[in-house]
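It should be emphasised that the depicted structure is a prediction, and the values quoted were computed from it without experimental measurement.
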Amino acid sequence: MGSEIGTYFSNSLSSIISGASIGTKILPGLGTAIGAGVGAIAGVGSGYIQNFQKRDEAFKSYVQEATEGQISERDRSLAAGSAIAAGRETDKISFGTLFGDQETADQYLEDLVGMSNETPFLYDDLTAMSKTLATYGYDADSILPVLQTVGDAGAALGQSTSDMNTVATAIGRMKSSDKASMEYLNMLNDRGIGAVGMLAEAKGVDQGTMYDMISKGQIAGGEAAEILLQAMAEAFGGSMEDQSKTFSGLTSTVEGLEQELDNAMGEGYNEGRKSGLEAQKDWLSGESGEAVKEANRAIGAWQAELENEKERYQREAVDAMMNSEEYQTAKASGDAAEMGRLIMQAKVQGMNEYNASEGAQMALKSELALAGAIRDDTRTNEAYYDAGLRKSQEFTKGLAEGIFENNPLMQGAVFNDATGEWEYPDGSSHAYGLGYVPYDGYRAVLHQGERVLTAAENREKTRAGGGVSVTISGPVTVRQESDIDAIAASIVTRLEERALLYGG
C-alpha cells in the first residue's frame, strides 16, 4: 500500500507543476488552479495505471500458480492412489490365501478400512498386524478384537506401530506354540505391558511364584495369550477412542480418510489401465514385438559400427601424428607440451575424418530426414504442437483480458442497426490505435501507416511522455470554485476507464 501511495504521489506532484504552468499561460489565477487540479488528476491517473499493471501481473501469477497447483495435486493424488489401490489388490490375494476363502478376505479388508477410518491407525498399519496374527493362527473373526485390544494398549502407552506389531507377534507366538516363555513375555514387558503381573493376578499368586511357574512350563501359551488380552482390555480399553480425539489422533484419521480419496482415484485408474496394459503386453510379446526386437538388433549393430569407426579414425590419426617428423622432433627435445598439443590435434583430425565418412554422413542424413518428416507431419495440424503454447498464452491473460473480450468496441466490432447485433471482423480492428495489448497471442488487423511497438518500447514511450496527457477541446466555463472539482472528477473518471480498457 505504501508503494502504491508513493507512486500516486510522485506522479501527482510532477503533473501538478506541469498543469499549473500550462493553466497560468491560458488564464492566470483561476487557470492556474484548474491546471494544477487537472495536473494532479493526471498524475494520480498515471500512478493508477502503473499500479494497475502491477496488480495485473500479480493476478496473472496467481491464476497460473493456482491452475498448476491444482494439476500438480491431481497428479500427486493419482500416483499415490494408484500405488495404494495396487497394494490393496495384492492384499486381497494375500488375505485370501491366509484365510482360505476370498469372500472372507474381502469382507475382512472392508472391515479393516472401516476401523482405520475410525481410529488413529492407518490401513497399512492394521494390515501388517493382521498378517502377523493370521500367521499365528488367528482367524478373520478373532483378529479385529485382538487389534482393538493391542491398539488400546498402544494408544495408552504411547507405543509406535512397530511396538504394537511386536506385541501382536508375542501374543501370536504364545498362541501358536502354546508356550508362555520369558522371551515372549519380555516382548510385552519391555513395552510397558506388565505381562508377568497380569498372569500372577489371574492365577492368584505373587510375581515370584509366577516366574517360577513360567520357568517350569506350567503356564500354557494359549491360556496366557487369552489372560493377557483380557487384562489388557480391562486396563487400556477405550484408549484408542480417546486418542482419536487428540490433535495427533485427528491428524492421523484425516490422513487415512485422504488416503481413501486417493485410493478411489487409483482404483478407477488401475482398472481402466488394465485393458491398455493387456493390449501392450500382447503387442510386445507378439509378432510386432518380435519385429521391433529384430529392428533394434540391427539398429544396435549399426550404432556399434559407427562407434567402432569413430575410434578407428582417431587411432589412425594419433598413430600417424606420433610417427610424424614434427612429433618426433618434439619427443627428442623432451617438449611434452608440444607432444600433447599434437596428439590432441590428431584426435580432432580423426573426429573430422569420421564426421566426413560415409557412415557418419548416413547417420546425419537419417537425423535430418527424421526432423523433416516430423516437421512436415506436425504442421498439418496445429493441435499436434500448440497445446503448450495455448496454455502459456492463457496464463498471460490478466484483468484487462476480461474487459477486452466482453467489450465489442474493443474488439473492433460494429453494431448493425438492422439486425440489432454486433458484427465482428476477421481479427480485431483498431484503426484508432490500441494503447495496451491485453495478453500474448492477441490478434489484431493492422492498417497501412500504423506502427507496432514492443512491450519495452511501449513502457519507455510511456515513461518518456510523462504519463497521462489530458487535452480539453472547446471553451471551459468556470462559474464558481466547485466547478474546478467537478471538472477534475470528470477527468479522473475518464482516466480510470482508459486504464481499465487500455492498460495505459
Side-chain angles (χ1 to χ4, degrees), residues 95 97-101 104-105 107-109 111-112 114-116 118-121 125-244:
F95 278 92
T97 302
L98 287 171
F99 294 150
D101 181 71
T104 301
Q107 183 59 52
Y108 176 79
L109 291 174
D111 294 339
L112 209 62
M115 184 177 183
S116 69
E118 297 172 358
T119 66
F121 302 107
D125 300 334
L126 295 175
T127 53
M129 286 188 282
S130 296
K131 289 178 181 179
T132 297
L133 293 170
T135 301
Y136 291 118
Y138 283 94
D139 59 22
D141 294 330
S142 59
I143 291 179
L144 286 177
V146 174
L147 287 178
Q148 182 70 42
T149 300
V150 172
D152 281 336
L157 299 172
Q159 294 176 349
S160 66
T161 302
S162 176
D163 289 332
M164 287 183 280
N165 197 49
T166 299
V167 171
T169 299
I171 292 174
R173 287 179 181 178
M174 282 187 273
K175 174 181 170 60
S176 63
S177 67
D178 203 26
K179 293 180 180 179
S181 68
M182 285 306 303
E183 177 189 356
Y184 302 153
L185 294 172
N186 281 336
M187 293 167 70
L188 277 64
N189 290 331
D190 294 344
R191 286 158 182 80
I193 301 173
V196 175
M198 290 177 176
L199 292 175
E201 184 177 352
K203 291 295 185 178
V205 299
D206 59 39
Q207 291 196 31
T209 303
M210 178 52 61
Y211 274 111
D212 186 56
M213 293 173 67
I214 292 170
S215 65
K216 294 178 180 179
Q218 295 176 354
I219 302 297
E223 180 187 11
E226 291 300 320
I227 292 173
L228 292 171
L229 287 172
Q230 181 63 34
M232 288 164 61
E234 293 174 359
F236 308 119
S239 297
M240 193 157 51
E241 182 179 358
D242 292 338
Q243 189 191 12
S244 68

Can you check whether [X] reaches [Y] side chain to side chain, under 4.5 Å on heavy atoms?
X: Leu185; Y: Tyr211; result: no
X: Leu228; Y: Met174; result: yes
X: Leu112; Y: Leu144; result: yes
X: Thr119; Y: Ser244; result: no
X: Ile171; Y: Val167; result: yes
X: Met115; Y: Phe121; result: no
X: Arg173; Y: Met187; result: yes
X: Val196; Y: Met182; result: yes

Counting N and O atoms only, with roles assigned by atom type, does the side chain of [X] sit under 3.5 Å from a partner on the main chain of [Y], one being a donor and the other an acceptor?
X: Asp178; Y: Ala220; value: no
X: Gln207; Y: Ala200; value: no
X: Asp125; Y: Thr161; value: no
X: Thr132; Y: Ala128; value: yes
X: Asp139; Y: Ser142; value: yes

> Which atom pair, heavy atoms only, marks the closest approach of Ala153 to Met232?
Replying inline: CB-CE, 3.8 Å
>> To check you understand the geometry: which heavy-atom pair defines the closest contact between Gly172 and Tyr136, and what is its length?
In response: O-CB, 3.2 Å
If you round to the nearest 0.5 Å, how far is [atom2] of [Y] from [atom1] of [X]?
X: Thr166; Y: Leu188; atom1: OG1; atom2: CG; value: 9.5 Å
X: Met164; Y: Leu157; atom1: CE; atom2: CG; value: 10.0 Å
X: Glu183; Y: Ser177; atom1: CD; atom2: OG; value: 9.5 Å
X: Asp141; Y: Phe99; atom1: CG; atom2: CZ; value: 9.0 Å
X: Leu147; Y: Asp111; atom1: CG; atom2: CG; value: 11.5 Å

Can you find a side-chain donor-acceptor pair between [X] and [Y] that sits under 3.5 Å?
X: Asp152; Y: Thr149; answer: no
X: Ser130; Y: Tyr108; answer: yes
X: Glu226; Y: Gln230; answer: no
X: Thr209; Y: Asp212; answer: no

>> Could you walk me through whether Asp242 and Ser239 satisfy the side chain to side chain donor-acceptor pair (under 3.5 Å) test, starting with their C-alpha distance in whole Å, then the side-chain angles of each, then the deciding distance to 0.1 Å, before giving a yes or no?
In response: CA-CA 5 Å; Asp242 292 338; Ser239 297; 5.3 Å; no
>> Set out, in order, the CA-CA distance, both residues' side-chain angles and the distance that settles side chain to side chain contact (heavy atoms under 4.5 Å, CB included) for Val205 and Leu199, then state yes or no.
In response: CA-CA 9 Å; Val205 299; Leu199 292 175; over 6 Å; no
> Do we get Lys175 above Tyr138's six-membered ring, with its NZ or CZ under 6.0 Å from the centre and within 45° of the axis?
Replying inline: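 Yes, Lys175 sits over the ring of Tyr138.
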> Under 6.0 Å from the CD atom of Gln148, do we count more than 12 heavy atoms belonging to anything else shown?
Replying inline: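 Enclosed: over 12 neighbouring heavy atoms sit under 6.0 Å from CD of Gln148.
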>> Determine whether Glu118 and Glu241 satisfy the following criterion, side chain to side chain contact (heavy atoms under 4.5 Å, CB included), listing intermediate values before the conclusion.
In response: CA-CA 8 Å; Glu118 297 172 358; Glu241 182 179 358; over 6 Å; no
> So, Lys203 and Glu223, do they make that salt bridge, N to O below 4.0 Å?
Replying inline: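 Salt bridge present between Lys203 and Glu223.
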> With Lys131, which residues qualify under side chain to side chain contact (heavy atoms under 4.5 Å, CB included), at least two apart?
Replying inline: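 Residues passing side chain to side chain contact (heavy atoms under 4.5 Å, CB included) with Lys131: Asp91, Ser94, Phe95, Leu98.
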